[in-house]
Amino acid sequence: MRILLAGPRGFCAGVNVAIESLRQAIRRYGTPIYVYHEIVHNRWVVERFRHEGVVFVNDLNDVPQGAHLLYSAHGVSPDVRRRAAERGLCTIDATCPLVTQLHAVASRYARDGYTIVLVGHRGHDEVVGVMGEAPHAIVLVESLDDVDRLDPPNPERLVYLTQTTLSLDEAKRILDRLRERFPKIVGPKRHEVCYATQNRQEAVKQLVAQADAALVVGSQNSSNTQRLAELCRAGGVETQLVDGPNDVDTTRLAGCQTVLVTAGASAPEDIVQDCVRLLVERFNARVEHHDTRDEEVHFLLPKELRD
Ligand code: SF4
């Protein structure tokens with residue numbers, strides 16, 4: 001068996017800085033320390049921090065007054081910030097800077113009287129946070145049908161924004177339809193989905209044709225991981241989305257010649273390597289590294305942790 005180990009894979013700059021922020025916050029303030037939602041959408045990362053004394057909450061009422069609270073990489077709405085301030089919480093903002101930028105752009109367009117068409121997945125933490133910037137001005141679009149149903153008050157003042165972790169192909173289909181229906185719609189000047197999402201999807205696209213099976217390492221609630229798995233399935237290969245080696249169904253890999261291995265942006269590399277080791281030991285697999293692009297993106301720690 002041949003393993004095509006795709007690169008880039010795994011941690012992106014936003015996940016790196018969110019995890020480092022939590023580590024530093026533990027060092028400075030000790031535990032228990034609180035995080036609003038999962039720091040990143042990965043079971044291992046969350047469980048490891050939980051063992052260190054981190055408490056993940058979905059409700060600010062579960063955080064004692066005056067405690068330290070981190071906002072996760074996916075960001076929060078202004079309403080959450082306001083309520084945290086009212087409770088006297090000491091907050092540390094570990095939101096990915098690319099998500100923060102999305103909030104700022106949404107809020108600016110709303111102030112300028114635009115209707116914002118947000119292409120994303122309902123209920124995802126990032127989408128919930130961004131929609132909270134201007135609930136009256138943002139319409140969520142998840143599909144082509146949603147685009148067809150849009151009836152904005154002023155089609156001349158319309159802007160689209162996208163969740164950072166969408167499928168590139170699906171986003172393109174939706175944006176094409178939006179531009180077709182609303183030729184005056186404007187959009188972001190820079191990338192429509194984030195660099196890490198693009199790079200991981202492009203690596204999979206380049207490699208999938210050589211594979212007859214794929215392992216996508218990451219958690220079920222990770223949007224970008226799900227998109228990688230969809231891409232592998234669309235490439236016609238037998239695909240397993242696994243949290244770690246214990247989830248790998250090796251019977252489904254028996255007889256496979258070439259297995260593509262990739263990982264979502266919140267999946268730790270040691271877990272990816274555990275999965276690779278399993279295939280090496282079970283199938284005497286040979287590992288080939290295929291790095292399709294260098295990533296040199298780094299973000300600063302949140303200002304609350306910069307000395
Ligand atoms: S996937 Fe992109 S937007 Fe999301 S945390 Fe990583 S760098 Fe930030």
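Values below: every heavy atom of this structure, side chains too, minus hydrogens, waters and symmetry copies. Atoms within a ligand are numbered from 1 in the order they appear, just like the ligands themselves. Keep in mind that what you see is a predicted model, and the values were worked out from it rather than measured.
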How are the rings of H41 and H74 set relative to one another: parallel (under 30°), tilted (30 to 60°) or perpendicular (over 60°)?
-> parallel

In ligand 1, which numbered atoms sit nearer than 4.0 Å to a non-hydrogen atom of T164?
-> 3 (S), 4 (Fe)

Output yes when a side-chain donor or acceptor of R200 lies under 3.5 Å from a complementary backbone atom of G264, and no otherwise.
-> no

Check ion pair D176-R173 (N to O, under 4.0 angstrom) = no

Subset of ligand 1 atoms that lie under 4.0 Å from at least one heavy atom of C194 = 1 (S), 2 (Fe), 3 (S), 7 (S)

Hey, which atoms in ligand 1 end up nearer than 4.0 Å to a heavy atom of C96?
-> 3 (S), 5 (S), 7 (S), 8 (Fe)

Atom 6 (Fe) of ligand 1 [closest protein heavy-atom partner, distance rounded to 0.1 Å] = C12 SG, 2.2 Å

Mind checking whether Y29 and H68 have parallel, tilted or perpendicular rings, split at 30° and 60°?
-> parallel

